[in-house]
Amino acid sequence: MIYCVVPEPLAGELFDKLVAYYADDPNVEVIVDRRASERRARGAKAPEGTQRTVRDRRRPRVAGEFPPTTG
C-alpha cells in the first residue's frame, strides 16, 4: 500500500484532485495529515529508568581485501 499524504493546509485544494487521480490504482490511498505536533520533541529525554539505544544500522563491511588490479 502506498499512502499519498496531503498536508492539512493544502487538503481543501488537493485532496479531491488526488483521490480522483489515484482512483484507478487500488495500491494508493490518499490521506490528510492531521498531526498537531511532532511525536518526539527535540532534545527530549528518555523516561526515567530506561536507556535509549542508538545503533548503526548500516551493513558491516565484508571481511577481506580487494584483489590487486593490473594497469
Side-chain angles (χ1 to χ4, degrees):
M1 176 63 70
I2 298 171
Y3 293 100
C4 178
V5 182
V6 180
E8 194 167 23
L10 299 175
E13 179 183 342
L14 295 177
F15 183 77
D16 292 332
K17 292 177 185 178
L18 289 170
V19 168
Y21 183 81
Y22 291 113
D24 296 333
D25 191 342
N27 295 319
V28 178
E29 183 175 344
V30 181
I31 58 174
V32 177
D33 182 7
R34 298 189 191 280
R35 290 179 291 180
S37 64
E38 291 296 321
R39 288 176 33 188
R40 190 178 309 165
R42 289 200 175 267
K45 301 281 184 190
E48 197 67 35
T50 62
Q51 183 176 359
R52 183 166 182 241
T53 304
V54 179
R55 294 182 291 148
D56 186 2
R57 296 188 294 181
R58 293 177 285 187
R59 289 185 181 181
R61 290 188 65 176
V62 175
E65 297 182 11
F66 290 110
T69 58
T70 58

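Counting begins at 1 with the first residue of the sequence.
- In terms of hydrophobic clustering, with Ile, Leu, Val, Met, Phe, Trp and Tyr side chains grouped at heavy-atom distances under 4.5 Å, Tyr3 and Leu14 are assigned to different clusters.
- The same ILVMFWY cluster, assembled from side-chain heavy atoms under 4.5 Å apart, contains both Leu10 and Val19.
- Listed by first and then second residue, the side chain to side chain donor-acceptor pair (under 3.5 Å) pairs that reach into residues 10-21 come to none, sequence neighbours excluded.
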Show which side-chain atoms of residues 24-33 pair as donor or acceptor with protein atoms under 3.5 Å away, not counting sequence neighbours.
unit_1	atom_1	unit_2	atom_2	d
Asp25	OD1	Asn27	N	3.0
Asp33	OD1	Arg35	N	3.2
Asp33	OD1	Arg35	NE	3.0
Asp33	OD2	Arg35	NH2	3.0

